[in-house]
**Q** 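Have a look at the structure that comes next, please.
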Amino acid sequence: MKILVANLGSTSFKYRLFDLSDPAEPVLARGAVERIGAASSPCTVHLPSGPQTREAAVPDHGVAVRMCLEQLTDPATGVLKSADEVAAIGFKAVHAKHLSGVVRVDGAVLEAMEAYADVCPAHNPPYTKAMRLLAEKLPEIPLVAAFETDFHQSIPESSKRYAIPEEWATKFGIKRHGFHGASHRYIATRMAEILGRNDAKIISCHLGGSNSLAAIDSGKSQGCSLGMSPQSGLPHNNRVGDIDVFALPVVLRETGQSLEQVLHTLAEKSGLLGICGLNDLRDIENAAAKGDVQAKLALDVFITDIRRYLGSFLVALGGADAIVFTGGIGENSTVVREGVCRDLGWFGIELDLTKNATAKGESQLSAEGSRVQIWTVPTNEELIVARQTRDLLASAKS
Ligand code: ADP
């Protein structure tokens, strides 16, 4: 079964095509259509024969998918005989009102996602816009939404619950739902294979453009630093992370701005960017190394907050077998990994500084004798979405 997994931006469509009939679950092709809506858009695909780029007028995401299917079915170089071979398009969807799990996209799902456009302003609007278009223009291809909250449905109510009136929690769904579910699920699955056991306690640190820690016991999420929205928890590249809501009336009063303007600042001009004016961790590390005080502060705040959740999850799980770093920062930043693991010998967490400095790809970073293993594992969210999409289609047939 061939599944196309889509990653949408407001002007981009990135994809991977998986063949899940093959036990090795290979990626047959990956590609991207960028600058959708511009006069000319580059459509790039990486095929076994090599990369190919075409320039074409791509006014919307419907045409972008058609371009992708054309390149995948090219008689000379393509990997598909016909577009009918694509069993479904799977989406790593973020959040919807009163909805989680893995579902076929229909009118009700789109409405539930649209109802949370303001909860997930960077994610839901481009997804629902593109999904509506695809449902209309390519009705023959099933669309499947695998929600990021799905993996976290196992979090106990006592950890999901904010201390707010009952009606807000139960009727309005104001809870710590948790996100980055596909990434944390991949880490849980892969670490069970690496450790050769299904009952391990793992703290998964997904650190990239957005950031979260998850506490995982026996493959099930027991906690996530992300709460009601993707703006919560740790600071993100430009999103705020946790903040006391009673700061809001002060900001509204002092700036004279509307609630909408303040929320925009919290969702796009805060996080690491808000502290130091830079949002790429490589730039922040370089600036901090050259003595930029604000960049150093951003790095310190980031590491301090990761350690806050690490401590909380070590207690929640009653210890850990492994701490795993993933995402662009988790896989690459020796500075962040070293900062997070500093002085934790009492907890049985000891990083090998040489392994940390030289790690490439999937690697163990813990020192000889460290009670808790420390790993870096490249995540594979698309594979999880492809598997979930296949499983949904299979369950619908049976
Ligand atoms: P996204 O969440 O947008 O998918 P990624 O997981 O690709 O983002 O992570 C992007 C982040 O990873 C950026 O802040 C980038 O600076 C950081 N990053 C990538 N490579 C390195 C590196 N070698 N050292 C430090 N940070 C890195």
Side-chain angles (χ1 to χ4, degrees), residues 5-16 30 32 34 91-95 120-123 126-127 148 178-187 204-214 224-226 229-241 267-290 292 294-296 298-303 305-306 324-341 351 353 355-363 365 376-385:
V5 176
N7 179 348
L8 304 177
S10 51
T11 60
S12 68
F13 165 71
K14 295 183 184 150
Y15 60 90
R16 285 190 203 180
R30 65 189 165 83
E34 286 174 282
F91 296 88
K92 185 164 67 79
V94 176
H95 201 9
C120 309
H123 303 96
Y127 269 78
E148 289 279 55
F179 298 91
H180 282 157
S183 178
H184 293 306
R185 187 189 292 278
Y186 178 79
I187 296 301
S204 168
C205 310
H206 179 111
L207 309 174
S210 57
N211 304 297
S212 70
L213 262 61
C224 182
S225 60
L226 284 159
S229 84
Q231 282 73 244
S232 56
L234 299 166
H236 308 280
N237 63 344
N238 63 352
R239 287 180 266 139
V240 62
E268 290 193 22
K269 295 184 179 164
S270 298
L272 301 176
L273 178 73
I275 299 174
C276 70
L278 300 167
N279 72 0
D280 187 296
L281 195 88
R282 282 166 291 203
D283 297 338
I284 296 173
E285 285 183 2
N286 286 337
K290 286 184 190 142
D292 182 319
Q294 290 307 113
K296 170 85 171 61
L299 204 50
D300 288 347
V301 168
F302 186 46
I303 290 171
D305 262 14
I306 297 169
V324 185
F325 291 94
T326 194
I329 295 172
E331 290 162 34
N332 295 299
S333 174
T334 54
V335 172
V336 168
R337 292 190 304 238
E338 189 183 329
V340 170
C341 297
L351 188 72
L353 296 183
K355 287 184 194 163
N356 185 44
T358 53
K360 287 237 162 5
E362 203 170 89
S363 324
L365 310 176
T376 175
V377 173
T379 196
N380 194 342
E381 297 165 282
E382 292 82 4
L383 176 59
I384 293 295
V385 173

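Source: prediction; values computed, not measured. Both ligands and their constituent atoms are indexed starting at 1 by order of listing.
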**Q** Has Asp280 got any heavy atom lying under 4.0 angstrom from an atom of ligand 1?
**A** yes

**Q** Any Lys/Arg nitrogen of Glu148 or Lys92 sitting under 4.0 Å from an Asp/Glu carboxylate oxygen of the other?
**A** yes

**Q** Under the side-chain contact (heavy atoms from CB on, under 4.5 Å) test, which residues partner Asp300, sequence neighbours left out?
**A** Lys296

**Q** Test your reading of the structure: does His206 have an N or O sitting under 3.5 Å from an N or O of ligand 1?
**A** no

**Q** Could you tell me the residue and atom name of the protein heavy atom closest to atom 26 (N) of ligand 1, and the distance to it rounded to 0.1 Å?
**A** Arg282 CG, 3.7 Å

**Q** Is the NZ atom of Lys14 crowded by more than 12 outside heavy atoms at less than 6.0 Å?
**A** no

**Q** Which of these, Val335, Asn332, Leu281, has its nearest heavy atom closest to atom 22 (C) of ligand 1?
**A** Asn332

**Q** Indicate whether the side chain of His180 and that of Ser204 have a donor and an acceptor atom separated by less than 3.5 Å.
**A** no

**Q** Excluding sequence neighbours, so at least two apart, what forms side-chain contact (heavy atoms from CB on, under 4.5 Å) with Ala359?
**A** Arg337, Ser363, Leu365, Thr376

**Q** Test your reading of the structure: does Gly209 have an N or O sitting under 3.5 Å from an N or O of ligand 1?
**A** yes

**Q** Counting heavy atoms only, which of Thr334, Val336, Ile329 comes nearest to atom 11 (C) of ligand 1?
**A** Ile329

**Q** Taking atom 18 (N) of ligand 1 as the point of reference, which of Ser210, Gly327, Gly328 owns the nearest heavy atom?
**A** Gly328

**Q** Does an N or O anywhere in Gly208 fall below 3.5 Å from an N or O of ligand 1?
**A** no

**Q** Could any protein non-hydrogen atom be found less than 4.0 Å from atom 4 (O) of ligand 1?
**A** no

**Q** Exactly one of Leu207, Asn211, Val301, Ile329 should register a side-chain contact (heavy atoms from CB on, under 4.5 Å) with Ile306. Which one does?
**A** Leu207

**Q** Tell me yes or no: between the side chains of Thr379 and Glu381, is some donor less than 3.5 Å from an acceptor?
**A** no

